[in-house]
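A short write-up of the structure that comes next.
We count ligands from 1, going down the list as the structure has it; atoms in each ligand are counted the same way.
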Amino acid sequence: MFTMVSGLQNYSEQAIQAARYIGQGFMVTLDHMNRLPMTIQYPYEKLIPSERFRGRIHFEFDKCIACEVCVRVCPINLPVVDWELKKDIKKKQLKSYSIDFGVCIFCGNCVEYCPTNCLSMTEEYELSIYDRHDLNYNQIALGRLPISVIEDSTIKTISNLSYLSKGNTESHFNSRNVTNFLG
Ligand code: SF4
Ligand code: SF4
């Protein structure tokens, strides 16, 4: 009889302790509900990409000397440089240039090593299409100027947290404020 009573007592103590832990957990959850959400409402709000963000590659046809350095430094020899040798002027002449963004890993090697700076990384990352062949950009598609997030007046831009000084984590222009995010 005694062991049964002490067992019940032990059980009730453990149950109370567990209930207390659950209650504490609920309090933490409720405390989170009290805070403002830290969410970027894409596509109405967009983060401004960092200065060295590696988005879609931009290509300037007139600057390319068809040296094929971009092909040699590419991990998968991706850029397709089509050229012909003009014997009269003893120079290579570029006929066409393409990069398939369905295969590109956006490492930026081609941009780094291009001797004439005709390649550059843009901040464009919205490249989704329905047909994978449409990701194979020719020199015309590659030469299109990128759409800048800042210049789009239809959306609200939000600066990246890394742009902000330590301690200032107020990324939204409204009163949203999250503390202790950067530690
Ligand atoms: S970004 Fe990298 S993977 Fe893409 S074409 Fe350039 S070198 Fe190749
Ligand atoms: S490295 Fe630059 S200049 Fe040379 S082929 Fe590639 S894009 Fe043209």
Is it true that a side-chain atom of Arg144 and a backbone atom of Gln139 form a donor plus acceptor pair closer than 3.5 Å? no
Cys110 neighbourhood, listing ligand 1 atoms whose heavy-atom distance to it stays under 4.0 Å: 1 (S), 5 (S), 6 (Fe), 7 (S)
Could you tell me, atom by atom, which parts of ligand 1 come under 4.0 Å of a heavy atom of Ile57? 1 (S), 6 (Fe)
Assign the ring pair Phe101 / Phe106 to parallel, tilted or perpendicular, where the plane angle (0 to 90°) is split at 30° and 60°. parallel
Look at the rings of Tyr97 and Phe59 and say which category their plane angle falls in: under 30° parallel, 30 to 60° tilted, over 60° perpendicular. parallel
Heavy-atom nearest neighbour in the protein, as seen from [atom], with distance rounded to 0.1 Å:
atom: atom 4 (Fe) of ligand 2; answer: Cys67 SG, 2.2 Å
atom: atom 8 (Fe) of ligand 2; answer: Cys64 SG, 2.3 Å
atom: atom 2 (Fe) of ligand 1; answer: Cys107 SG, 2.3 Å
atom: atom 6 (Fe) of ligand 2; answer: Cys70 SG, 2.3 Å

What part of [X], side chain, backbone, both or neither, has a heavy atom within less than 4.0 angstrom of ligand 2?
X: Leu94; result: neither
X: Ile65; result: both
X: Glu68; result: backbone

With a cut-off of 2.8 Å, does Cys118 place any N/O/S atom under that distance from atom 6 (Fe) of ligand 2? no
Determine, considering heavy atoms only, which of Cys114, Gly108, Pro79 sits nearest to atom 1 (S) of ligand 1. Gly108
For ligand 2, is Tyr97 a contact, meaning one of its heavy atoms is under 4.0 Å away? yes
Taking atom [atom1] of [X] and atom [atom2] of [Y], what is their separation to the nearest 0.5 Å?
X: Ser148; Y: Glu123; atom1: OG; atom2: CD; value: 4.0 Å
X: Ile158; Y: Leu47; atom1: CD1; atom2: CG; value: 6.0 Å
X: Asp134; Y: Asn136; atom1: CG; atom2: CG; value: 9.5 Å

Is the charged tip of Lys95 near the ring of Trp83: under 6.0 Å from the six-membered ring centre and within 45° of its axis? no
More than 12 non-hydrogen atoms from neighbouring residues, nucleotides or ligands closer than 6.0 Å to OH on Tyr21, yes or no? no
Please determine if Glu84 and Lys91 form a salt bridge, counting it only when a charged side-chain N lies under 4.0 Å from a carboxylate O. no
What atoms in ligand 2 come closer than 4.0 Å to a heavy atom of Pro115? 1 (S)
Taking backbone and side chain together, does Cys74 place any N/O/S atom at a distance below 2.8 Å from atom 2 (Fe) of ligand 1? no
